[in-house]
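None of the values given here were measured: they were computed from a predicted structure. Along the sequence shown, residues carry numbers from 1.
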Amino acid sequence: MRRAASRVMAARALSPRPGSAPGPGLLDFRSGARLRDLQRLITELSAHEQREHDDQRALELHTAKDFIFSVLGMVQKLDQKLPVANEYLLLSGGVREGVVDMELDEMSVYARGTDYDVDYTLLVPALKLHDRNQPVTLDMRHSAPGHSWLSLRLFDELQANISLFHEGTVGRWKDCCTEADHDVSEVNNYFFSPTLVSDWFHEALGSVLRELGRKPQRGTPRVEKLEHCGTVISIILAAGGSRVLYDVVPVVSFKGWPAVAQGWLMENHFWDGKITEEEVISGFYLLPTCSPTGRKENEWRLSFARSEVQLKKCISTGLMQAFQACKVLISKLLLSRTKAVSPYHLRSLMLWACDRLPHAYLAQEDHSAHFLLGLLDDLQHCLVNKACPNYFIPQCNMLEHLSESAAILHARRLSSVRSDPAEHLRSAIQHAGVSANLPPATPTTPPDPSSDPASDATHDHSLAQKLQQLVTENPGKSISVFINPDDVTRPHFRIDDKFF
């Protein structure tokens with residue numbers, strides 16, 4: 001009887017209660033900071049990081065997205081390498097923000113407010129294998145855990161006529177493969193090369209953008225930067241007063257689930273009962289990045305970005321605010337020459353915490369301060385022990401390659417943040433406020449004399465006014481803007497099923 005009463009009391013203690021913000025006298029034992037003050041600072045930083053776009057900015061972002069999608073369509077038509085009916089995954093936040101698990105050492109440093117205003121990661125499948133209902137088995141014999149080589153012979157199993165296949169997929173991509181005699185049959189294996197695919201993609205994008213630049217159209221975004229960073233192609237577009245960074249990543253897309261992650265499905269998880277297993281395991285990707293000991297020209301990394309989008313629906317607002325704040329605080333660790341700690345490591349720790357801790361505790365949105373301090377402690381524990389298991393493939397230790405000296409150096413740096421989180425939060429808020437008020441940077445390319453900037457500004461303003469008028473006159477209805485990439489001077493507004 002006493003045990004049952006104890007369980008009830010414990011459940012009540014963990015249950016979220018209205019107005020259950022940390023009391024004025026509660027302190028963080030390590031730093032002495034008041035938890036209520038930390039909570040207020042996290043909320044303020046979150047307001048800066050997640051500010052809403054006004055109608056003008058929303059229209060400019062739509063124009064930039066429409067432009068980048070039309071460019072990808074032109075790349076497909078260039079030499080018919082990309083799938084005709086392709087499925088892109090557009091993620092909020094760039095590769096530098098840890099949206100996907102890629103190496104940051106080869107990435108140029110861009111700063112929000114100075115170089116761009118809004119950033120995205122765009123995963124573009126170079127190959128798709130979408131006809132499978134069973135676990136996908138990859139060739140991982142030559143790779144570190146969580147990585148794989150990709151033989152195009154894997155696609156043979158879906159083809160009734162192998163000769164036709166070689167005239168198709170291998171014929172299109174042979175120049176982006178490395179070749180090796182891999183088995184006793186002495187049949188040549190064509191290994192899809194992430195570096196060669198990325199090189200081709202960069203050249204193809206550059207070719208399309210140069211062609212568009214020869215015949216500029218009024219109202220189209222201006223390309224301020226096109227840079228090949230490792231295997232990522234970074235594009236900064238200027239659309240009106242907005243500078244939009246797209247980190248475009250060529251990937252291989254699979255439906256189903258990899259055999260190496262089947263064990264993870266057998267465990268209990270925080271998302272059980274909240275979303276279906278079919279939503280979580282709908283597909284995965286191979287990213288063009290390798291392990292520290294792998295061969296760059298052959299090795300790909302497994303990515304579960306599609307699943308992470310679904311899991312994010314089950315994470316409480318308070319924990320997400322703490323995660324975003326913690327990501328800002330550790331950014332200084334990424335400025336060192338060796339970027340040992342990535343924001344993606346922190347994302348994995350957050351997912352593990354969701355599995356480890358009771359949902360009733362994590363659902364307390366007024367406890368972001370507790371969550372922030374806990375994430376900092378978790379990350380320091382990982383550095384000291386050189387162990388950060390991948391959430392989907394626990395046998396893959398994402399910090400295994402770290403030297404003892406590098407791990408201790410980063411743990412010490414993190415310790416300084418943990419010793420005074422309030423001061424670092426204030427500094428982050430100040431920096432976010434300054435970045436938000438910076439004027440757009442001067443274009444790095446000379447303006448086209450045939451264009452009239454004043455006319456473009458007037459055109460964009462009229463579009464924003466028209467959109468605002470439609471929103472006001474049609475409350476509660478679905479409104480979309482469609483812009484023809486061949487003639488952006490004629491926008492089309494759709495209200496529900498009617499076009500204007």
Side-chain angles (χ1 to χ4, degrees), residues 10-51 93 97-98 270 311-334 341 343-384 388 410-433 435-436:
R12 289 176 179 172
L14 288 172
S15 299
R17 298 183 300 277
S20 59
L26 294 179
L27 303 178
D28 169 33
F29 186 91
R30 174 69 185 89
S31 66
R34 294 183 183 276
L35 295 183
R36 175 172 288 184
D37 292 341
L38 291 178
Q39 182 76 31
R40 176 181 53 80
L41 292 170
I42 293 171
T43 302
E44 186 176 348
L45 179 60
S46 178
H48 278 288
E49 294 291 320
Q50 300 177 0
R51 52 187 176 275
E97 296 291 318
F270 71 98
L311 297 185
K312 186 178 178 181
K313 301 175 183 177
C314 305
I315 299 176
S316 70
T317 303
L319 182 56
M320 282 304 303
Q321 287 184 348
F323 164 73
Q324 295 293 343
C326 191
K327 188 169 67 170
V328 173
L329 294 188
I330 69 167
S331 62
K332 61 181 62 180
L333 299 178
L334 308 181
V341 182
Y344 190 83
H345 294 133
L346 192 63
R347 183 184 295 269
S348 297
L349 293 180
M350 177 178 64
L351 293 174
W352 281 119
C354 289
D355 276 354
R356 184 178 72 246
L357 298 168
H359 170 71
Y361 169 68
L362 294 177
Q364 300 185 64
E365 297 184 4
D366 291 330
H367 280 58
S368 297
H370 292 283
F371 306 152
L372 169 67
L373 299 175
L375 287 172
L376 291 173
D377 289 339
D378 269 3
L379 184 56
Q380 191 162 22
H381 180 270
C382 288
L383 286 170
V384 170
C388 183
H410 284 78
R412 286 174 177 170
R413 290 179 175 175
L414 185 62
S415 177
S416 67
V417 177
R418 181 63 181 86
S419 298
D420 196 354
E423 180 58 32
H424 285 84
L425 282 170
R426 293 188 193 97
S427 176
I429 291 169
Q430 183 179 12
H431 181 268
S435 298

Using modelled atom types and a 3.5 Å cut-off, is there a donor and acceptor pairing between side-chain atoms of Ser368 and backbone atoms of Gly318?
yes
Does some side-chain heavy atom of Ile315 sit less than 4.5 Å from a side-chain heavy atom of Leu351?
yes
List in chain and number order the residues that pass side-chain contact (heavy atoms from CB on, under 4.5 Å) with Ser416, two or more places apart in sequence or in another chain; answer none if no residue qualifies.
none
What distance do Arg40 atom CZ and Arg34 atom CZ have between them, rounded to the nearest 0.5 Å?
11.5 Å
Sequence-distant partners of Arg30, side-chain hydrogen bond (donor to acceptor under 3.5 Å, both in side chains), two or more places apart:
Ser419
The side-chain contact (heavy atoms from CB on, under 4.5 Å) partners of Glu97 (sequence neighbours excluded) come to Val99, Tyr116, Asp119, Lys327
For Cys326, all residues meeting side-chain contact (heavy atoms from CB on, under 4.5 Å), sequence neighbours excluded
Ile330, Leu346, Leu372, Leu375, Leu376
Indicate yes or no: at least one non-hydrogen side-chain atom of His410 is less than 4.5 angstrom from one of Gln380.
no
Note, His370 side chain near Leu35 side chain (heavy atom, < 4.5 Å)
yes
Rounded to the nearest 0.5 Å, the CD1 atom of Ile429 sits from the CG atom of Leu41 at a distance of 4.5 Å
Residues forming a side-chain contact (heavy atoms from CB on, under 4.5 Å) with His381, sequence neighbours excluded
Asn385
Judged by atom type as modelled, is there a donor-acceptor pair below 3.5 Å linking the side chain of Gln39 to the main-chain atoms of Ala369?
yes
Please list, chain by chain and in numerical order, all residues satisfying salt bridge (Lys or Arg N to Asp or Glu O under 4.0 Å) with Asp28, sequence neighbours excluded.
Arg418
Okay, side chain of Asp355, backbone of Phe270: is any donor-acceptor separation there less than 3.5 Å?
yes
For Arg426, all residues meeting salt bridge (Lys or Arg N to Asp or Glu O under 4.0 Å), sequence neighbours excluded
Glu423
Sequence neighbours excluded, every pair satisfying salt bridge (Lys or Arg N to Asp or Glu O under 4.0 Å) that has a member inside residues 314-325
none
